[in-house]
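Only one structure is covered here, and it is reproduced in the block below.
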Amino acid sequence: MEAASNEATTGKNTVKEHLYKVLVIGEFGVGKTSLIRRYSEGYFSPNYKLTIGVDFALKSVVWDGTNKVNLQLWDIAGHERFGHMTRVYYKYAIAAIIVFDLSRPATFDSVLKWLEDVNSKVMLSDEQPVPVMLLANKCDIEDVSVEHEKMNAFCKDKNFIGWFPTSAKSNQNVDEAMNFLIEHILSLPSSAKQPGESGSVPASIMSSMEDSFEVADKKPKPTSSCCQ
C-alpha cells in the first residue's frame, strides 16, 4: 500500500510524493512482464526471460500539480499462485492487476483463482479488499475478440474496479489502464493507506524483503519468446 509520502516544495507549489506497491499477477505467458516493461520503460520486445519468483519495476508519474505517484510494480511469476512465498510477495500491496491472454481462453478461467488468492492474502489497512483491475491482454492479435457487455457484467459481479483490453506490443490502453488504477488508489480513504499499518512498506522491511528475494530467486532463468 502507501509505502512513503514525502513533500517537496518548488516555488509556491507543494508536491506530495506517494509510493505504492501494485501486484501484477496471472498465468504464465499472458504478457505481464511485457506490459510492465511497456509501461515503465516505454518499449516492447518479443523476447523476455521467463519470470522466476518475482521481479520489480518502478514507474514515476507526475499526476497533477500537487501529487507525484511512484508505482512499485511487482511482477509475480505465473506458477507462483500456490507457492509458499506468495503471501510474502503480496504483503503491503495497495492494489493488484490480474492479466489474462485473449488468445488463450484457459488463462481467463484462472482469473477467479488469482482473485481469491489475492483476497485471502492481503487487504487494505481498513481491512477492506485491495482494489483489483483486470486486463484482457494481446488484443492486437488477429481473430481474437472480447465481448464488452459480458466483461462489464463479470467485473461488476466479481467486484473488479474495472477492465481494459490491452496490448503491450501496440501500446493499446496501457497508459489508460494504469492512469485509471492510479486515480482509484488516490481516491481511497486515508484509513486504507495509513503509514505504519499493513499498507505501508517501511524502508527497513522493504530492504530485508528484497534481500530475501535475491537469495530465493537465484535460479537459472530460461528464456521465453512469448508475451505481448
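Hydrogens, waters and symmetry mates play no part in the numbers below; they use all other heavy atoms, side chains included. All residue numbers in this chain count up from 1 along the given sequence.
Looking at residues two or more places apart in sequence or on another chain, you find no salt bridge (Lys or Arg N to Asp or Glu O under 4.0 Å) involving Glu176. Every residue two or more places apart in sequence or in another chain was checked for a side chain to side chain donor-acceptor pair (under 3.5 Å) with Asn159, and none qualifies. Under the side chain to side chain donor-acceptor pair (under 3.5 Å) criterion, Ser60 pairs with Asn70, not counting sequence neighbours. Taking the side chain to side chain donor-acceptor pair (under 3.5 Å) definition, one finds that Ser145 meets it with nothing, sequence neighbours left out.
With hydrogens and angles disregarded, a donor-acceptor distance shorter than 3.5 Å links the side chain of Thr107 to the backbone of Asp101. With hydrogens and angles disregarded, a donor-acceptor distance shorter than 3.5 Å links the side chain of Arg38 to the backbone of Lys169.
Closest heavy-atom contact between Asn119 and Pro129: OD1-CB, 4.0 Å. Leu35 and Val99 get closest at one heavy-atom pair: CD1-CG1, 3.8 Å. When all heavy atoms of Ile185 and Ala95 are compared, the pair lying nearest together is CD1-CB, 4.0 Å. Across all non-hydrogen atoms, the minimal contact from Pro131 to Leu188 is CG-CD1, 4.3 Å. Heavy atoms only, all atoms of each residue included: Leu102 and Val146 are closest at CD2-CB, 3.9 Å. The minimum heavy-atom distance linking Tyr39 with Ile182 is given by the pair OH-CD1, 3.7 Å.
Salt bridge status for Lys113 with Asp117: absent, with no side-chain N to carboxylate O gap under 4.0 Å.
Interatomic distance, Asp143 CG to Ser103 OG, rounded to the nearest 0.5 Å: 11.0 Å. In this structure, Ser120 OG and Leu115 CG are separated by 9.5 Å, a value rounded to the nearest 0.5 Å. With rounding to the nearest 0.5 Å, the separation of OG in Ser125 from CD1 in Ile94 is 8.0 Å. One finds the CD1 atom of Ile97 at 6.5 Å from the CG atom of Leu73 (value rounded to the nearest 0.5 Å). In this structure, NZ on Lys32 lies 11.0 Å from CD1 on Ile98, to the nearest 0.5 angstrom. We find the OG-CG distance between Ser167 and Leu135 to be 11.5 Å, quoted to the nearest 0.5 Å.
Residue pairs satisfying the salt bridge (charged side-chain N to carboxylate O under 4.0 Å, His left out) criterion with at least one member in residues 148-162, sequence neighbours excluded, are listed as follows: Glu147-Lys150. Identified under the ring pair (Phe, Tyr, Trp, His ring centres under 6.0 Å) test for residues 131-156, with sequence neighbours left out: Phe108-Phe154, His148-Trp163, Phe154-Phe160.
The closest side-chain heavy-atom distance from Leu19 to Leu58 is below 4.5 Å. Side-chain contact between Val22 and Gln72 is absent, with no heavy atoms from C-beta onward closer than 4.5 Å. Proximity of Leu186 to His18: side-chain heavy atoms (C-beta onward) are separated by under 4.5 Å at one or more points. Looking at Tyr89 and Leu23, their side chains never come closer than 4.5 Å, going by heavy atoms from C-beta outward. Within the 4.5 Å cutoff, no side-chain heavy atoms of Phe164 are placed close to those of Val174. Contact of the Ile161 side chain with the Val132 side chain is not registered, since no non-hydrogen atoms from C-beta on lie closer than 4.5 Å. Using a 4.5 Å heavy-atom cutoff, the side chains of Lys68 and Trp63 are not in contact. Under the 4.5 Å side-chain criterion, counting only non-hydrogen atoms from C-beta, Ser34 is in contact with Phe44.
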Test side chain to side chain contact (heavy atoms under 4.5 Å, CB included) applied to Val61 and Leu71, step by step
CA-CA 8 Å; Val61 179; Leu71 290 183; 5.5 Å; no
When you look at Leu134 and Cys155, which way does the side chain to side chain contact (heavy atoms under 4.5 Å, CB included) test go after all the steps?
CA-CA 8 Å; Leu134 183 62; Cys155 288; 4.1 Å; yes
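Between the side chains of Ser170 and Asp140, no donor-acceptor pair of N or O atoms lies under 3.5 Å. For the residue pair Asp75/Thr33, the side-chain donor-acceptor check at 3.5 Å is satisfied. Counting only N and O atoms by type, the side chains of Glu27 and Trp114 include a donor and acceptor under 3.5 Å apart.
Geometrically, Lys21 engages Trp74 in a cation-pi contact defined by less than 6.0 Å to the ring centre and at most 45° from the axis. Cation-pi contact between Lys193 and Tyr20: absent, since separation from the ring centre below 6.0 Å together with deviation from the ring axis within 45° is not met.
Checked options Asn171, Asn137, Asn173; the residue passing with Thr166 is Asn137 (criterion: side chain to side chain donor-acceptor pair (under 3.5 Å)).
The neighbour count for Glu116 CD, taken as heavy atoms of other residues, nucleotides or ligands under 6.0 Å away, does not exceed 12.
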